[in-house]
Amino acid sequence: MSKGDAQGCLKKSGGLQERDASANASSSPVIAAFKVFQQELDTKHDKHERLVKISRDITIESKRTIFLLHRVTSVTDVESILKESDVKLDLVRRKIAQIAEELKGEDIYQFHRAFTAGIQEYVEAVSFQHYIRHRTLISLEEINAMLVFTEAQSTDAKEPAEEDAPPPTVTAVSAPPFQVIPSDYLLGVADLTGELMRMCIGSVGNGDIDTPFQLSQFLRQVHDGFSYIGNSGPYEVSKKLHTLRQSLAKVEDACYALRVAAAPRSPSTCWPTCSPAATP
Amino acid sequence: MSVTEMFADIQGFLSADQDIREDIRKVVQQLEQAAREILTLLQSVHQPTGFKEIPTKCAKAREMFLLMVEFHWTEHWRFVLQRLAFLATFVGYLECEALVTREEAAKIIGIEVVREEGFHLGVEDYLAGVLIMASELSRLAVNSVTAGDYSRPLRISNFINELDSGFRLLNLKNDPLRKRYDGLKYDVKKIEEVVYDLSIRGLSKEPDNAGDK
């Protein structure tokens, strides 16, 4: 490129006689370039704002679903609550489809901060529902399978027929698939443990003596999983690990209290006895 | 899939991420080194003797750009990318005393402009580079006077004022770009003071050979 090549340069036309640039502002190529920048930046900021709004809606609806799901410990008709939660989560998935639509052709990491909170909340809600139904931890693949949107109306029954049936696909929404990234999944699951801890303490209060122990075991598994990841994940995960430890401690204490309270009083059965056959 | 297996999977993702981050860090270091070398070369224009050598220095800088390592996408590039955008626009200014376009700056650095075509120079990074250049130019104005060139500050002043008008058109959010833009007014002020000092001492006159670049 010779230094005389003016193609890449934005020269102010007419030389440099005028010190005051504003008189020529409207015709200057520099100003014209900045007008273009203004449009580009405005478009980007507007998209960011739209995504933030959708993310907020997702957060609110997911939180409401979680509140709904907590009621399973205190009512007898668990199935109707689960069905209602399906409806709610379906609405959330439609919102996620909107996010996917906005992100079409964009670099998702550029806008990730706008919607990460909502997505984490959704992961928390959907994994909570999954645990209540199946007593297992939903996998990232299963979550993402539900976020593959189709154009066709699904005529299949919305609720899974069997315990192990694949999750229902979202109906009547046409959008590119949205994929939750591993760190958002981790953060959502970390928040899930808080809800599970609440459920555990709540079920103890309701006289349910099985759920607390199941939950404690499950929480321990999740905690061990997080410990395995340790500090190799994003910083937020390490922070949540700390809260998780506290939740686990509360749950373990509750189980301990139950066990102690339920222990029979007679001295002869206080300690487990070793039968001679068991000794090697 | 058991909980343990699931977490092992996730850990796999995170490890892969870490590895990529490491690779990127290495390449960033190389690029930062290259940027420092180009900067050192261009800094010398502030020396009184350096002024005459501006064209040769620019040519050399362009050569050095060509020798730079390939880019790969990531957030970690932001700093070095803005640095390179600054150097590209600075070289461009030294050559033709005008604002290098984003496309041209990208070409100098050796990357694309649109995301689809690979690693690209986004609007915000380009503008950040322009603002860094503005600071460099305010310094150049001062040193021009020291070196005896009393017309360059006037030209720089016009240019910076135009940049300022341009930036005023933008609707910036409270992000790093906005903060950097806030610094522009100090550069404008500094250059205005240089021009004022020259005019009250009768040292500033319109250059007779304005066409001579």
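So that the names make sense, note that chain A is the first sequence line, chain B the second, and so on, each numbered from 1.
Contacts between B/D175 and chain A at a heavy-atom distance below 4.5 Å involve the side chain alone, from C-beta outward. Interface residue A/F226: backbone and side-chain heavy atoms are both found under 4.5 Å from chain B. Proximity to chain A is limited to the side chain of B/R102, based on heavy atoms less than 4.5 angstrom apart. Proximity to chain B (any heavy atom under 4.5 Å) is restricted, for A/L186, to the side chain, taken from C-beta onward. Proximity to chain A is absent for every atom of B/E103, based on heavy atoms less than 4.5 angstrom apart. A/E40 touches chain B through its side chain: at least one heavy atom from C-beta onward sits under 4.5 Å away, while N, CA, C and O do not. With a 4.5 angstrom heavy-atom cutoff, B/F167 touches chain A via backbone and side-chain atoms both. Heavy-atom distances place both the backbone and the side chain of B/L163 under 4.5 Å from chain A. The contact between A/I229 and chain B is made by backbone and side chain atoms together, counting heavy-atom distances below 4.5 Å. Of the two parts of A/D42, only the side chain, counted from C-beta on, holds a non-hydrogen atom closer than 4.5 Å to a non-hydrogen atom of chain B.
Residues A/S139 and A/E142 bring a donor and an acceptor atom of their side chains to less than 3.5 Å of each other. A donor-acceptor pair shorter than 3.5 Å can be found between the side chains of B/H46 and B/E136.
The six-membered or imidazole ring of A/H112 lies near that of A/F115, with a centre-to-centre distance under 6.0 Å. Taking the six-membered ring for Trp, A/F34 and A/F37 have ring centres closer than 6.0 Å.
When every heavy atom of A/R220 is checked against every heavy atom of A/E252, the shortest pair comes out as NE-OE2, 2.8 Å.
When the candidates B/L127, B/L169, B/T4 are compared by the number of heavy-atom contacts under 4.5 Å with chain A, B/L169 comes out ahead.
Taking a cutoff of 4.0 Å between a charged side-chain nitrogen and a carboxylate oxygen, B/R178 and B/D182 qualify as a salt bridge. Under the 4.0 Å criterion applied to side-chain N and carboxylate O atoms, A/E101 and A/K104 are assigned as salt-bridge partners. Ionic pairing of A/E102 and A/K53 is not present here: no N-O contact between side-chain nitrogen and carboxylate oxygen is shorter than 4.0 angstrom.
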